[in-house]
Amino acid sequence: MAVSLKKGQKVDLTKGNPGLTKIIVGLGWDTNKYDGGFDFDLDAAAFLLGANGKVLSDGDFVFYNNTKHASGSVVHLGDNLTGEGEGDDEQIKVDLAAVPADIEKIDFTVTIHEADTRNQNFGQVSNAFIRIFDETNNKELIRYDLGEDFSVETAVVVGELYRHSGEWKFNAVGSGFSGGLAALGRNFGVDI
């Protein structure tokens with residue numbers, strides 16, 4: 001049974017699952033009825049962060065245009081342009097054992113593509129979630145349903161994996177940003 005989290009909760013990932021190294025982070029969402037004339041294209045991404053909470057290089061930003069980290073530890077499994085269907089809309093594979101030692105955290109985000117141009121925001125998105133499951137047996141380990149806390153935000157830090165005393169933990173962040181991907185990138189030290 002997966003651990004279901006609320007905003008701000010933290011939970012051990014590897015301590016309670018000895019030998020766990022290969023996980024998949026699934027992110028999903030639905031869009032509310034919307035008649036703005038544009039499709040919603042939400043994009044999941046991962047920021048690999050050093051001790052200062054910033055990327056060490058632009059290559060530490062894994063997304064639809066940079067689908068694989070140089071270490072091979074984080075791989076974006078493809079861009080879903082519509083979010084149609086049930087389950088995960090986008091997935092990011094993580095090999096915890098291969099994450100470089102100087103990476104302290106991996107933040108998982110969702111942004112709305114061309115949100116300002118299309119006049120879209122997370123107030124028009126529902127049923128957003130992040131889940132982590134074991135790649136070897138597909139067992140869901142952690143799930144965080146974001147709820148309806150957002151209105152004008154165009155980017156959300158959904159959750160983060162972080163190192164603590166030699167183990168990996170997960171934090172249900174649920175923090176919104178205005179300014180979309182550019183604002184999020186600046187926050188993490190990426191030039192977008």
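Only heavy atoms go into these numbers, but all of them, side chains included; no hydrogens, no water, no symmetry mates.
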Applying ring pair (Phe, Tyr, Trp, His ring centres under 6.0 Å), can you list everything that pairs with F133, at least two apart in sequence or on another chain?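 In terms of ring pair (Phe, Tyr, Trp, His ring centres under 6.0 Å), with neighbours along the sequence ignored, F133 is linked to no residue.
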Would you check if D134 and N17 make a side-chain contact, meaning some heavy-atom pair closer than 4.5 Å?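 A side-chain contact under 4.5 Å is absent here.
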Does R131 make a cation-pi contact with Y144, if we ask for NZ or CZ under 6.0 Å from the ring centre and within 45° of the axis?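 Here R131 fails the 6.0 Å and 45° test against Y144.
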Shared hydrophobic cluster for V94 and F129 (ILVMFWY, side-chain gaps under 4.5 Å):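 Different hydrophobic clusters.
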When hydrophobic residues are tied together by side-chain contacts of less than 4.5 Å, even through go-betweens, does V74 share a cluster with Y162?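 Looking at the clustering, Y162 is in a separate group from V74.
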Looking at [X] and [Y], would you say the former's side chain and the latter's main chain have a donor-acceptor pair under 3.5 Å?
| X | Y | answer |
| --- | --- | --- |
| H69 | V62 | no |
| Q124 | F122 | no |
| D88 | G28 | no |
| T109 | V157 | no |

Angle class for the H113/Y64 ring planes (parallel below 30°, perpendicular above 60°, tilted otherwise)?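 Correct class here is perpendicular.
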At what distance, to the nearest 0.5 angstrom, does CD1 of I23 lie from OG1 of T136?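 So the CD1 of I23 and the OG1 of T136 are separated by 11.5 Å.
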From E135 CD over to I24 CD1, what is the distance, rounded to the nearest 0.5 angstrom?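 Spacing of CD (E135) from CD1 (I24) equals 4.5 Å.
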